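Below is one structure, written out as structure tokens, with a few remarks after it.
What you see is a predicted model; the values in this text were computed from it and never measured. Every number for a ligand or one of its atoms is a count from 1 in the order of the listing.
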Amino acid sequence: MTRVALAFSGGLDTTVCVPLLEEEYGHDEVIGVTVDVGQPEEEFEEAEETAEALGLEHYVVDAKAEFAEACFRGVKANATYQGYPLGTALARPVIAQAILDVAEEHDCDALAHGCTGKGNDQLRFEAVWRASDLEVIAPVRELGLTREWEIEYAAEKELPVEAGNEGVWSIDTNLWSRAVEGGELENPNYVPPEDIYKWTQAPTGDTELVEVEFDNGIPVAVDGEEMDPVSLIQHLNTRAGKYGVGRTDVMEDRMLGLKVRENYEHPAATVLLNAHKALEDLVLTKEERSFKTQVDHRWSEKAYEGLISGPLVQALEGFIEVTQEKVTGTATIKFEGGQARAVGRDSDYAVYSESHASFNSADIEAGIEQSDATGVAKYHGFQERLAMEAYESATKKQTEAVTDGGDDE
Ligand code: ARG
């Protein structure tokens with residue numbers, strides 16, 4: 001008696017996987033697992049209904065809190081990949097782990113997903129699963145299934161899939177972002193129609209201010225009201241979405257080398273990333289800021305790969321955590337014309353000193369006089385001047401050597 005746990009959404013791919021895991025892979029029993037990372041209600045209804053019609057034992061796991069925690073690690077790292085705040089990428093390890101937990105609880109022998117062999121998600125799922133002893137099965141990839149074949153097979157087997165049920169676009173939604181791809185959008189020159197957006201309205205002339213409070217780099221309150229991470233993200237998605245904040249249209253380089261066009265909306269992520277950066281700009285030194293952009297970049301690349309538990313990320317987070325101790329305070333963001341722009345920031349850790357920025361009595365008290373800058377000004381550019389002189393004298397010497405050589409003849 002063997003049992004396999006399948007990552008189940010109720011869509012075409014995962015629905016055809018159910019009978020295939022028995023027929024083609026010889027497993028006796030399949031259980032379906034749907035992990036809640038903030039998808040819309042209809043997706044759970046679809047999964048429940050399809051599972052019931054298939055007679056599939058089905059489990060729904062709420063992992064919204066774990067996912068929000070991963071998103072906030074992303075905020076600390078100012079994480080984006082080619083402009084996209086990594087919603088799908090950050091969700092996959094959380095989903096994979098939740099499915100693995102269910103599989104182990106139910107004594108499964110194998111794990112399966114319905115990803116194709118072209119995308120990133122197969123890699124992100126399997127990076128987590130292959131650390132376990134369970135067998136990993138990817139029917140769509142391994143059997144080389146096409147959409148057309150799946151539709152025909154589903155009809156033959158009378159599987160509960162409605163043709164056209166999946167719509168024109170391929171969509172992946174969670175708390176942090178909504179990704180839309182496929183159909184005509186695959187043409188990089190096709191202008192996205194307004195109806196691909198569900199979370200954001202076309203920007204109007206209206207504006208609004210919002211104040212986000214951070215504690216050690218983590219968003220904790222909005223306009224003075226404390227919120228848990230999941231509620232805070234949901235609140236900002238609704239609020240900033242009304243102003244058209246957080247739309248991106250990306251030419252995305254996938255892990256396997258494919259370049260794809262992807263559209264995203266992510267209002268809360270944009271607000272929180274911009275607010276967090278604004279606060280860092282106030283409390284970190286020039287060198288911390290400069291070095292952190294490199295750390296953040298590497299963190300984001302590993303997150304895109306679905307590898308945020310590895311040694312490099314742990315080490316990068318060592319640096320990030322030290323800097324975040326100071327990222328405590330507030331940033332004020334203005335929603336305007338589809339943008340979420342930082343218009344204010346405040347922290348006890350501010351490196352900025354209003355009295356030192358303009359020359360006044362504070363400097364005199366600190367024993368600093370304007371004329372103290374004279375020495376610095378004399379040295380500034382010293383090496384550049386040395387280099388210029390050296391170059392001039394060397395080239396002059398060369399020319400003289402050539403001229404002298406000519407005289408000898
Ligand atoms: N390209 C993104 C990523 O790999 C998101 C893919 C989401 N899937 C979709 N059907 N749009 O992280």
With atoms numbered from 1 as shown, which atoms in ligand 1 lie under 4.0 angstrom from a non-hydrogen atom of [X]?
X      : value
Ala179 : 7 (C), 11 (N)
Tyr264 : 1 (N), 2 (C), 5 (C)
Ser170 : 9 (C), 10 (N), 11 (N)
Glu252 : 1 (N), 2 (C), 3 (C), 4 (O)

Salt bridge present between [X] and [Y] (N-O < 4.0 angstrom):
X      : Y      : value
Arg141 : Glu126 : yes
Glu288 : Lys292 : no
Asp228 : Lys64  : no

Give the ring-plane orientation class for [X] versus [Y], where under 30° counts as parallel, over 60° as perpendicular and anything between as tilted.
X      : Y      : answer
His113 : Phe125 : parallel
Phe382 : Tyr379 : perpendicular
Tyr243 : Phe335 : tilted
Tyr304 : Tyr84  : perpendicular

Top protein contact for [atom], by heavy-atom distance:
atom                    : answer
atom 12 (O) of ligand 1 : Tyr84 OH, 2.6 Å
atom 8 (N) of ligand 1  : Asp172 CB, 3.6 Å
atom 11 (N) of ligand 1 : Glu262 OE2, 3.0 Å

(message) Looking at every non-hydrogen atom in both residues, tell me the closest pair between Leu175 and Ala68 and how far apart they are.
(response)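 So the minimum-distance heavy-atom pair works out to CD1-CB, 4.3 Å.
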(message) So for Tyr81, does at least one of its heavy atoms come nearer than 4.0 angstrom to any atom of ligand 1?
(response) no
(request) From atom 9 (C) of ligand 1, work out which of Glu305, Glu181, Arg124, Met255 has a heavy atom at the shortest distance. (result) Glu181
(request) Ignoring angles and geometry beyond distance, decide whether Asn120 reaches within less than 3.5 Å of ligand 1 through its nitrogen or oxygen atoms. (result)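 There is such a contact, yes.
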(request) Using a 4.0 Å heavy-atom threshold (strictly under), name the region of Arg254 that reaches ligand 1: side chain, backbone, both or neither. (result)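 None of Arg254 does.
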